[in-house]
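In what follows, a single structure is set out as structure tokens and then discussed.
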Amino acid sequence: MILVTGVSGQLGSLILKGLSRIDGLEVTPGTRSADIGTARRIDFDDPATLAEGFAGVDVLVFVSAGYAEDDVVIARHGAVADAAEAAGVRHVIYTSLAGSGDLMTIALPHRWTEARLAAGPYDVTILRNGLYTEVPVGLATAGAASAATTGVFAAPFGTGRVSVVAREDLADVAVRVATETHQDLTSGARSRHAGKTYELEGVTAIGGPEIAKILTETLNQEITYQSVSLSDTREALSVSGLEPYQITHTISLFSNLKAGLLEARTTDLTTLLPTAPRPVHPHIAAAVAAGGYHSQSVTTHPTPA
Ligand SMILES: NC(=O)c1ccc[n+]([C@@H]2O[C@H](COP(=O)([O-])OP(=O)(O)OC[C@H]3O[C@@H](n4cnc5c(N)ncnc54)[C@H](OP(=O)(O)O)[C@@H]3O)[C@@H](O)[C@H]2O)c1
């Protein structure tokens, strides 16, 4: 049986949906949600749910639960590794962070989890997910109203670009790896993906000028890109209502971006996907257009948070 954690989340729900379409697979959803239906209750912060929830699981699709301080994330991911061991799970597939993000602060709990899983008795596959397309989508939509008024898209990118990937592509890879692992285990073999670490970096890199170009086309007016300093960004974030750890991670992302570290040179994405990766530019343009931003309507549309 395959169990997927975090199925009320965006990535977990896509993985569950993909696995549910495949004939002959026994797939069980795992969630903290109270409204669980046929799902098992899986809360990494409550190890009792893991002891029960992992019973009879052969393949665990472990979706990271990263929204917290590092010590919290490490404790919850360590509890998953312990419980999978105790329950006799045969193969763990973990959604980690791509190698280009190695120097970002969010890498620390991911790399800790990879090392902890490698010390377990089960086979492991690490899916090192690239940054989601939502990063430039969020910046473009957040900056659209101001760009429509001022003609300037301001963001802390410097001359850096970030390689991004659609969640749907990452889910498709997870579905393939989980399905093939299940097939291999059922036929009495080890998974062909055992011991593998896949770098699932996006094939499209987006920087400030690219977002300004998309805004120019979508808003139908000339928009130029202007880089913002990290100190101005930190000041703005400090009154944004974000948790302190989120500010640390956000500044770290921009710091890496400005340093040119988030543009990937290689990826396993294209080898593992059945078709070309989903395009990124139309996704950003559609999100801006869906916000209804254009110079005439800007006074009636608030900037999204
Ligand atoms: N590559 C990237 O750009 C990027 C960006 C942001 C985050 N991430 C990481 O990728 C993960 C999946 O992304 P996403 O887009 O699906 O995020 P999401 O929509 O926010 O979903 C995260 C899910 O994690 C589960 N979760 C949270 N705390 C948990 C806990 N204590 N125990 C068990 N499950 C818990 C929850 O599912 P249930 O409510 O069903 O339990 C939650 O819905 C995130 O959690 C984060 O670690 C990656």
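All ligand and atom numbering here is 1-based and tracks the order in the structure. As the structure is a prediction and not an experimental result, all values here were calculated from the model. Numbering starts at 1 and runs along the sequence shown.
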So for atom CD, which belongs to Glu52, do other residues, nucleotides or ligands contribute more than 12 heavy atoms lying within a distance under 6.0 Å? no
Leu170 vs Tyr132 side-chain heavy atoms within contact, under 4.5 Å: yes
Would you call [X]-[Y] a salt bridge at under 4.0 Å N-O?
X: Asp46; Y: Arg41; answer: yes
X: Glu85; Y: Arg116; answer: yes
X: Asp102; Y: Arg111; answer: yes

Heavy atoms under 4.0 Å from ligand 1: which residues qualify? Gly6, Val7, Ser8, Gly9, Gln10, Leu11, Thr31, Arg32, Ile42, Asp43, Phe44, Asp45, Val63, Ser64, Ala65, Gly66, Tyr67, Arg76, Gly130, Leu131, Tyr132, Arg167
Proximity of Phe54 and Phe62 rings by center, below 6.0 Å: no
